[in-house]
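Accompanying notes for the structure given below.
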Amino acid sequence: MAQPAAGGKKACSALECWVWRWLCHRCRGALLVGGVVLPATFLWARVPLRVWLQAAALPMGFLLTGAAALLVELGPDGIAFSATGAAQAGLLVLRALAALSCLLLLSLTTPVSDLLVGLRRIGLPREIVEIALLTYRFTFLISDAAMAMNHAQIARQRRSSYRRWLRGLGMLIANLLPRALDRARRLEAGLAARGWEGEMRVLRDMPRASATVLAAILGLEAAIATAGVLL
């Protein structure tokens, strides 16, 4: 798994997304951003390609589906291939991939707790941050419960046919909701018993950022911004 970056480096990674927002209205700008971010993801952050592809599969599928719709147009003769739509689809794919690569660089190298702490420091209300952290944690608890129930159904051979699979899926969903509500109530009671006052404190490893590395990252982003404007 990728190693978490230092606090200042994470901020610069987020700034990369902001740089994309201003540059990727051009094709060459999108290529430039993607050509910098992807090597940084795999070589500097050492994110495994398999993990990156798993994280990118769903948004890329949505992106390609939307781009395919631009390839056709409805005219007097019916549905036909659109030359202008093909150019728009290509630019859309490049821009979206550049944005996605920036987002994945940040999300795959930065723990969610650190991201939420950063949002808290820039002024996001504490209650929203704590709700987001609890929701993130609760998502994995519910996922584990669903997987356990699914494995139990498979062990009882309730997936031998499509009809049984559909019925088993319905039973899983019906049983999962009461368990989720019960776990939420127990979580609320546990927090109240511990004197929770609206803030969940967690251990954070915040190494000091290197001034040299920060300067190099900011210099690289300035170079990307300049090249994106001039190209």
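It should be emphasised that the depicted structure is a prediction, and the values quoted were computed from it without experimental measurement.
Going from atom CD of Glu130 over to atom CG of Leu124 covers 10.5 Å, rounded to the nearest 0.5 Å. Going from atom CE of Met147 over to atom CG of Leu172 covers 11.5 Å, rounded to the nearest 0.5 Å. Glu127 contributes atom CD, which lies 7.5 Å from atom CD1 of Ile131 (distance to the nearest 0.5 angstrom). With rounding to the nearest 0.5 angstrom, the CG atom of Leu63 is 5.5 Å from the CG atom of Leu97.
Across all non-hydrogen atoms, the minimal contact from Ala67 to Ala89 is O-CB, 3.5 Å. Minimum interatomic distance between Phe140 and Tyr136 (heavy atoms only, all atoms of both residues): CD1-O, 3.1 Å. Residues Thr139 and Thr135 come closest through the heavy atom pair OG1-O, 2.7 Å. Nearest heavy atom pair, residue Thr109 against residue Ala45, reads CG2-CB, 3.5 Å. Smallest separation of non-hydrogen atoms from Phe42 and Val47: CD2-O, 3.3 Å. The nearest pair of heavy atoms linking Ala86 to Leu71 is CA-CD2, 3.6 Å.
Both Ile122 and Ile128 are part of a single hydrophobic cluster, where members link through side-chain heavy atoms under 4.5 Å apart. When hydrophobic clusters are built by joining Ile, Leu, Val, Met, Phe, Trp and Tyr residues whose side-chain heavy atoms come closer than 4.5 Å, directly or via intermediates, Leu64 is not grouped with Leu92. Linking ILVMFWY residues whenever their side-chain heavy atoms come closer than 4.5 Å, directly or via other members, places Met60 and Leu49 in the same cluster. There is a path of hydrophobic side-chain contacts, each under 4.5 Å, that joins Val93 to Leu53.
Side-chain atoms of Asn175 come within 3.5 Å of backbone N or O of Met171 as a donor-acceptor pair. Between the Ser101 side chain and the Ala98 main chain, a donor and an acceptor come within less than 3.5 Å of each other.
Remark: of the listed residues Leu105, Leu100, Leu103, Leu105 is the sole one forming a side chain to side chain contact (heavy atoms under 4.5 Å, CB included) with Val37.
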Residues 181-189, side-chain donor-acceptor partners within the protein, below 3.5 Å, at least two apart:
from, atom 1, to, atom 2, distance (Å)
Asp182, OD2, Arg186, NE, 3.1

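The local environment of CZ in Phe62 is sparse, with at most 12 non-hydrogen atoms from other residues, nucleotides or ligands closer than 6.0 Å.
Within the 4.5 Å cutoff, no side-chain heavy atoms of Thr41 are placed close to those of Leu104.
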